[in-house]
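It should be emphasised that the depicted structure is a prediction, and the values quoted were computed from it without experimental measurement. Each chain gets a letter, A, B and so on, in the order its sequence line appears, and its residues count up from 1.
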There are 2 protein chains.
Amino acid sequence: MIADQDIAVLKSAILRFVPLTAEEWDLLLPALAYHHLSKGEKWINEGQKEQRMGIVLSGNMRHYYTRDGAEKTTYFYFENHFVGSYISALTNKPSQLTIEALTDCRLLTFPYAHLQMLYEKAPRWERFGRLLAEYLAIGLEERMAGLLTMSPEERYPELLHGNKQKILERIPQHYIANYLGITPVSLSRIRKRLLEK
Amino acid sequence: MIADQDIAVLKSAILRFVPLTAEEWDLLLPALAYHHLSKGEKWINEGQKEQRMGIVLSGNMRHYYTRDGAEKTTYFYFENHFVGSYISALTNKPSQLTIEALTDCRLLTFPYAHLQMLYEKAPRWERFGRLLAEYLAIGLEERMAGLLTMSPEERYPELLHGNKQKILERIPQHYIANYLGITPVSLSRIRKRLLEK
DNA sequence: CCATTTTCTTATCTTATGTAAACGTTTTCC
DNA sequence: GGAAAACGTTTACATAAGATAAGAAAATGG
């Protein structure tokens with residue numbers, strides 16, 4: 001029903017954090033579900049308690065906060081990334097985030113509650129949970145340090161020359177501007193300035 | 001050697017995350033050390049691999065990044081808060097952060113490596129590690145959402161009316177301005193504007 | 001207790017950014 | 001294939017923030 005190769009993608013992503021025996025891995029299998037999202041479709045809506053997390057098999061997504069009608073993009077998801085309103089799942093509060101497909105997307109997901117159940121059943125899964133949370137915290141910390149210590153003009157080239165440049169090229173610039181916390185107009189000015197150098 | 005009541009403060013902070021048997025708790029005891037810091041003293045220096053974490057028994061501290069000679073404060077620590085360059089410990093890289101005492105401080109600390117050892121020895125401690133990382137991630141996420149979706153003028157009153165206002169009143173405003181990501185001059189203008197309302 | 005340092009405010013000047021609008025180009029999708 | 005929408009850039013203008021300097025008030029420390 002779910003393609004073996006899709007399951008293999010998820011498995012290898014999890015094994016990057018922690019080794020699992022076949023028995024431990026099998027505990028997750030019954031919870032898996034496959035999703036397809038069309039471009040522009042929202043997977044998780046603000047205010048909603050979507051309690052699933054998963055992995056992006058193909059396509060890319062973004063998540064954003066909405067405030068006073070304005071969207072603030074804070075993350076892009078690409079293939080092989082874990083995706084979900086993890087904080088909403090942790091706090092069991094409605095998501096502040098909206099997660100949207102920027103292109104057609106294929107996802108493999110499972111309920112966060114199932115993962116929590118695995119924490120009780122198997123220490124190895126609890127370790128996975130710890131390492132996942134630590135990984136998330138490291139990413140958030142780096143992101144915040146960048147936001148606070150660098151200007152948009154400095155952050156933009158860093159974003160472009162990171163390990164995602166090929167994918168970012170396919171993302172419309174107004175999303176990137178939004179991610180940088182500036183307007184498309186301002187990003188256009190920055191690009192012009194950078195070209196002149 | 002270490003006062004019982006100081007140990008009790010740490011114990012209760014940890015028990016807020018996870019219940020521990022007496023035996024499990026005792027595993028941490030031999031690693032504990034007491035520190036005193038004078039006002040202005042730095043506990044962790046940027047570039048250094050200080051691998052301890054701990055709890056603030058009394059006093060308050062801040063941590064900041066340094067870039068181009070400018071400091072960017074990203075956190076204040078108060079009594080009963082865990083303190084440390086947690087990300088540096090997790091990644092085992094030199095700290096990007098400097099942690100400084102804003103007043104005379106009393107700390108109770110232990111090596112992060114000891115905690116990691118406890119992860120191996122006792123599943124309950126591993127659970128503590130997971131919950132601590134999740135707690136950290138939640139805090140970082142909220143902080144970042146605030147940074148991105150609110151202006152300094154909105155963030156300042158929220159900071160003041162949070163659960164820390166009494167302590168924040170004792171912290172010089174240029175640190176708070178720095179935390180908000182603005183100059184002291186700008187904060188002064190914001191304060192004036194808010195008073196006029 | 002007085003000199004020094006720190007803290008906070010105010011004023012001026014400059015610069016960067018957002019808003020709004022216009023325009024050409026590209027992409028999307030009936 | 002062609003109309004409509006989305007996208008990226010540019011301009012003009014208003015606004016907000018940073019830099020800098022100066023001064024008053026408060027805290028600190030010898």
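Among dT7(C), dG18(C), dG8(D), the nucleotide with an atom closest to any side-chain atom of Pro172(A) is dG8(D).
With a 4.5 Å cut-off on side-chain heavy atoms, Glu158(A) and Met150(A) count as touching. Side-chain atoms of Leu132(B) and Phe17(B), non-hydrogen and from C-beta on, do get closer than 4.5 Å to each other. Put simply, the side chain of Ile55(A) does not reach to within 4.5 Å of the side chain of Thr109(A), judged on heavy atoms.
Of the listed residues (Leu102(B), Leu168(B), Asp104(B)), just one forms a side chain to side chain contact (heavy atoms under 4.5 Å, CB included) with Asn60(B), and that residue is Leu102(B).
Rounded to whole Å, the distance from CD1 on Ile171(A) to C1' on dA6(D) is 16 Å. Taking atom CG of Leu180(A) as the reference point, atom P of dG8(D) lies 13 Å away to the nearest angstrom. Between the NZ atom of Lys192(B) and the P atom of dT10(C) there is a distance of 5 Å, given to the nearest Å. Summarising the geometry, the separation between CD1 on Ile182(B) and C1' on dA19(D) is reported as 15 Å, rounded to the nearest angstrom. Look at CG on Leu195(B): it is 14 Å from C1' on dT10(C), rounded to the nearest Å. Spacing between atom CD1 of Ile190(A) and atom P of dT17(C) amounts to 6 Å, rounded to whole angstrom units. Atom CD1 of Ile176(A) is separated from atom P of dT9(D) by 11 Å (rounded to the nearest Å). Note: NE2 (His174(A)) to C1' (dA5(D)) measures 12 Å, nearest angstrom.
Regarding contacts with the backbone of dG18(C), a side-chain N or O of Thr183(A) is found under 4.0 angstrom from either OP1 or OP2. Neither OP1 nor OP2 of dT15(C) sits under 4.0 Å from any side-chain N or O of Arg193(A). For the OP1/OP2 pair of dC8(C) and a distance below 4.0 Å, the side-chain nitrogens and oxygens of Ser188(B) include no atom meeting the criterion. Put simply, Lys39(A) has no side-chain N or O that comes within less than 4.0 Å of OP1 or OP2 on dC29(C).
Aromatic rings of Tyr119(A) and Phe128(A) (six-membered ring for Trp) have centroids beyond the 6.0 Å cut-off, not under it.
Not a single donor-acceptor contact under 3.5 angstrom links the side-chain atoms of Arg189(A) to the base of dG8(D).
Nucleic acid contact class of Arg191(B) (heavy atoms, under 4.0 Å, all strands): sugar-phosphate only. Gly40(B) comes within contact range of no nucleotide atom at all, as no heavy-atom separation falls under 4.0 Å.
Remark on DNA chain C: of its neighbouring residues Gln173(B) and Val185(A), the 5'-side contact belongs to Gln173(B), judged by nearest-heavy-atom nucleotide.
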